[in-house]
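Here's the structure, in structure tokens; my notes come after.
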Amino acid sequence: MTQRERQILNWIAENPMISQQELADKAGITRSSAAVHISNLMKKGYITGKGYILRTPSYVTVVGGVNVDIGGRPFRELVPRDSNPGEVRMSLGGVGRNIAHNMSLLGLDVRLVTAFGDDANAQKIAGSCAELGIDISQSPVIPGGRTSTYLFINGPEGDMALAVSDMDIYRHLTPQVLSGRMKLLSGSEAVVIDTNLPEESIRFLAETCTAPIFADPVSTAKAVKLRPVLGKLHTLKPNRIEAELLSGVTITDRASLEQAAGALLDTGLKQVFISLGAEGVYAADHERRVLLPAPAADMVNTTGCGDAFMAALVWSYLRQADLEHAARAGLAASAIAMESRETINPALSAGALEQRAGLRNTI
């Protein structure tokens, strides 16, 4: 659903008898344009009859981080304490935002709850979300706050030399703030969280939100926030090191991998997908376990692979896919992601994912 379609749907929900001309006047568009939007909403199933009978839309919500990433790379060997000729690039990132972006490409209706600063970077992110149809209306803007920014400098070969991470804004995503959005959260088909959230907020969501929660540990430093609530989560997607940290099991072979997954499931967690990088993924739930190899791909950039994997897991859950099909979808999404120079590959779609994973007519 586009931002304009969502706007029109909200007006129809407020007044089911509103005319197309009234909608056009409110939106500042022509009557024929309003009719096209209404037709699209009917085709997508959001309007189910005359008099604008509405179907409650199915949506997913992401609660997590958005960043503006600013990176520099010198043309020659980095010289400390000096100005180095090179290139500087700015892009939008953050685990939560990246997952939301990927889910939008897969055709899901996505809501994003994060914290914005009162600055130009927030406007850039808001503009991007509007283009993607990601609803950020429930994300607070913190007066005087700084939108999360990640500043890094790489060496000429691309290896990170130095970075500064300004993520103080997320402390404002308190349990009190999230409690005011609980209707949105519990009404979701699924909620995705990342560990940029304060630990007390993660605990609050795990204990209060009735929608299934999919958790991304983000990093070993932040993954520990999930340990007290593992049994209240639906899905966990750690890498090998994060799985070791959260399970207490050192992974050295297939047997220890199974032991680590078992320890995580014993907490009450419903399913876990342990990313093994180039070796694939180990997926487990309370009925079966499967180790799948990574599919062939032309590797360009692996930065966004984990975010694409998580988006595919949620997409698969909404399609009631089983464990193996979900794992295959995640691996396929990762493969598509790594074939792009950018963190998000715009070529990702539900059709591309099905074809890459060999899932057509199987889910």
Side-chain angles (χ1 to χ4, degrees), residues 44-45 58-60 62 95 98-110 132 189-190 192 212 214-216 234-240 242-243 251 254 257-258 260-261 264-265 269-363:
K44 295 176 181 179
S58 171
Y59 64 91
V60 295
V62 178
V95 172
N98 290 348
I99 293 171
H101 189 159
N102 279 297
M103 291 198 297
S104 177
L105 293 177
L106 289 172
L108 303 186
D109 186 357
V110 186
L132 293 165
E189 292 295 314
V192 181
F214 290 62
D216 191 311
H234 183 280
T235 298
L236 180 70
K237 188 202 69 62
N239 61 26
R240 188 195 307 259
E242 292 160 352
I251 299 173
R254 176 68 180 265
L257 186 59
E258 293 180 350
L264 292 169
L265 293 171
L269 178 72
K270 288 186 171 53
Q271 58 181 10
V272 60
F273 296 82
I274 302 176
S275 173
L276 304 174
E279 298 175 38
V281 66
Y282 183 80
D285 60 19
H286 293 274
E287 295 181 356
R288 66 177 303 194
R289 303 183 179 195
V290 59
L291 176 62
L292 297 176
D298 297 323
M299 186 177 70
V300 177
N301 174 21
T302 61
T303 305
C305 291
D307 303 329
F309 196 112
M310 176 62 89
L313 289 183
V314 176
W315 176 84
S316 299
Y317 170 77
L318 297 184
R319 292 163 62 90
Q320 300 180 328
D322 63 21
L323 182 78
E324 181 174 344
H325 283 138
R328 291 189 183 281
L331 288 170
S334 294
I336 293 171
M338 74 171 62
E339 293 179 340
S340 172
R341 183 182 178 189
E342 305 300 328
T343 303
I344 309 293
N345 190 342
L348 180 65
S349 67
L353 185 61
E354 290 175 337
Q355 184 175 19
R356 191 63 169 266
L359 296 178
R360 289 191 184 277
N361 302 319
T362 63
I363 297 180

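Minimum heavy-atom separation, A329 to A312: O-CB, 3.5 Å. Scanning both residues, S58 and D109, for their nearest heavy atoms gives O-CB, 3.5 Å. When all heavy atoms are compared, the tightest approach of A308 to A333 is O-CB, 3.4 Å. Across all their heavy atoms, A337 and C305 have their closest contact at CB-CA, 4.2 Å.
Summarising the geometry, atom CD1 belonging to I344 is positioned 7.0 Å from atom CG belonging to L105; distances are rounded to the nearest 0.5 Å. Atom CZ of F309 and atom NZ of K237 lie 7.0 Å apart (nearest 0.5 Å). The CD atom of E242 sits 11.5 Å away from atom CG of L264, with the distance rounded to the nearest 0.5 Å.
For residues 271-286, every residue pair satisfying the salt bridge (Lys or Arg N to Asp or Glu O under 4.0 Å) rule, not counting sequence neighbours, is listed here: R240-E279. Counting only residues at least two apart or in different chains, side-chain hydrogen bond (donor to acceptor under 3.5 Å, both in side chains) contacts with residues 331-352 comprise R89-E342, E339-R356.
Between L276 and the choices V281, I251, L257, the side-chain contact (heavy atoms from CB on, under 4.5 Å) rule is met once, by L257.
Side-chain contact between Y59 and V110 is absent, with no heavy-atom pair separated by less than 4.5 Å. Residues L106 and L353 have side chains in contact (heavy-atom distance under 4.5 Å, counting atoms from C-beta outward).
Legend: residues meeting side chain to side chain donor-acceptor pair (under 3.5 Å) with N102, ordered by chain and number and at least two apart, are absent. The side chain to side chain donor-acceptor pair (under 3.5 Å) check on T235 picks up Q271, with sequence neighbours excluded. Every residue two or more places apart in sequence or in another chain was checked for a salt bridge (charged side-chain N to carboxylate O under 4.0 Å, His left out) with D307, and none qualifies. With sequence neighbours left out, the side chain to side chain contact (heavy atoms under 4.5 Å, CB included) criterion links P295 to L331, A335. Annotation: ring pair (Phe, Tyr, Trp, His ring centres under 6.0 Å) contacts of H234 (sequence neighbours excluded): F214, Y317. The side chain to side chain contact (heavy atoms under 4.5 Å, CB included) test applied to A284 returns A261, L265, V272, Y282, R289, not counting sequence neighbours. With sequence neighbours left out, the salt bridge (charged side-chain N to carboxylate O under 4.0 Å, His left out) criterion links R288 to E324.
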| field | Worked check of side-chain contact (heavy atoms from CB on, under 4.5 Å) between V62 and M103 | value | CA-CA 10 Å; V62 178; M103 291 198 297; 3.3 Å; yes
| Where do V300 and M338 land on the side-chain contact (heavy atoms from CB on, under 4.5 Å) test, with the steps shown first? | CA-CA 6 Å; V300 177; M338 74 171 62; over 6 Å; no
| request: Verify side-chain hydrogen bond (donor to acceptor under 3.5 Å, both in side chains) between D322 and H325, making sure each step is shown before the conclusion. | output: CA-CA 5 Å; D322 63 21; H325 283 138; 3.1 Å; yes
| query | Between L323 and V290, is a side-chain contact (heavy atoms from CB on, under 4.5 Å) present by the stated rule, with each step listed? | reply | CA-CA 8 Å; L323 182 78; V290 59; 4.1 Å; yes
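Under a 4.0 Å N-O distance rule, the pair E354/R319 qualifies as a salt bridge.
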